[in-house]
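Encoded as structure tokens, the structure appears first; notes follow it.
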Amino acid sequence: MKEDKQLLVLTHLSQLLDLVTGFGGIIVPLILWLTKKDEIRGMDFHGKAILNFKISMFIYLLICLPLILLLGLGFVGMIVIGLISIIYPIINAMRVSNHQEPSYPLSIQFLK
């Protein structure tokens, strides 16, 4: 296995494709994880962390939809989820470039 820090950083930053395409933020990390998890050291761990985070944020977004009817609390939740979905991929890309472990808050462990 070889070490490719730039690809790991790119994998974390690829989540931001949601801002452009609406759905690429989960497809690109998934493809990178599936194709490179046996070749790049750490890709399996980082890929699972990213996918767990993206799936968790999607579930939280679905929970916020019915809460819109309850005094608009769903809008506040959606804004918070949006900010977390933008900030943490950037923070974790910087952490990976400094040889630190990524940490995604509120992430449910679907893939172990």
- request: Output the rest of the hydrophobic cluster of Leu61: all Ile, Leu, Val, Met, Phe, Trp and Tyr residues reachable through side-chain heavy-atom contacts under 4.5 Å, sorted by chain and number.
  value: Phe58, Leu62, Leu65, Ile68, Phe75, Met78
task: Output all residues satisfying side-chain hydrogen bond (donor to acceptor under 3.5 Å, both in side chains) with Asp4, sequence neighbours left out; order by chain, then residue number.
output: none
- prompt: Same cluster or not: are Phe45 and Leu111 linked, directly or through other Ile, Leu, Val, Met, Phe, Trp or Tyr residues, by side-chain heavy atoms under 4.5 angstrom apart?
  reply: no
field: Exercise: identify the closest heavy-atom pair between Gly24 and Pro29
entry: O-CD, 3.8 Å
task: State which residues pass salt bridge (Lys or Arg N to Asp or Glu O under 4.0 Å) with Arg41; sequence neighbours excluded, sorted by chain then number.
output: Glu3
task: Specify the closest pair of heavy atoms between Pro89 and Ile84, including all atoms of both residues, with the distance to one decimal.
output: CD-O, 3.8 Å
query: Would you say Gln100 and Met94 make side-chain contact, with heavy atoms under 4.5 Å?
result: no
- line: Rounded to the nearest 0.5 Å, the CD1 atom of Ile40 sits from the CG atom of Leu32 at a distance of 10.0 Å
query: Do Ile59 and Ile81 share a hydrophobic cluster (ILVMFWY, side-chain heavy atoms under 4.5 Å, transitive)?
result: yes
field: Which residues share a side chain to side chain contact (heavy atoms under 4.5 Å, CB included) with Ile27, sequence neighbours left out
entry: Phe23, Ile31
- prompt: Is there a donor-acceptor contact under 3.5 Å from the side chain of Asn52 to the main chain of Phe110?
  reply: yes
- prompt: Are side-chain heavy atoms of Tyr60 and Ile55 found at a separation under 4.5 Å?
  reply: no
query: Would you say the side-chain atoms of Asn92 pair up with the backbone N or O of Ser103, donor to acceptor, closer than 3.5 Å?
result: yes
message: As a quick check of understanding, evaluate side chain to side chain contact (heavy atoms under 4.5 Å, CB included) for Lys54 and Gln15, giving each step before the final call.
response: CA-CA 8 Å; Lys54 295 302 287 182; Gln15 297 175 70; 3.3 Å; yes
message: Can you give me the closest heavy-atom contact between Lys5 and Ser97, atom names plus distance?
response: NZ-O, 3.2 Å
message: Within this structure, what is the CD1-CD1 distance for the pair Ile91 and Ile86, rounded to the nearest 0.5 Å?
response: 12.0 Å
- prompt: Which hydrophobic side chains are connected to Leu69, either touching it within the sub-4.5 Å cutoff or through other members that do?
  reply: none
message: To the closest 0.5 Å, what do you measure between CG (Leu8) and CG (Leu13)?
response: 11.0 Å
message: Is it the case that the side chain of Ser14 and the backbone of Val28 share a donor-acceptor pair, with hydrogens and angles ignored and the cut-off at 3.5 Å?
response: no
- request: Would you kindly confirm whether Ile90 and Leu7 end up in one hydrophobic cluster when ILVMFWY residues are joined by side chain heavy atoms under 4.5 Å apart?
  value: yes
- request: Would you sort out whether Thr11 and Trp33 count as a side chain to side chain contact (heavy atoms under 4.5 Å, CB included), showing the intermediate values?
  value: CA-CA 8 Å; Thr11 305; Trp33 174 63; 6.0 Å; no
- prompt: Which pair of heavy atoms, one from Asp18 and one from Ile26, lies closest together, and at what distance?
  reply: OD1-N, 4.2 Å
- request: List the steps, then state whether side chain to side chain contact (heavy atoms under 4.5 Å, CB included) holds for Lys48 with Lys37.
  value: CA-CA 10 Å; Lys48 287 178 182 178; Lys37 69 180 176 182; over 6 Å; no
statement: Residue set satisfying ring pair (Phe, Tyr, Trp, His ring centres under 6.0 Å) with Tyr104, at least two apart, ordered chain then number -> His12, Phe53
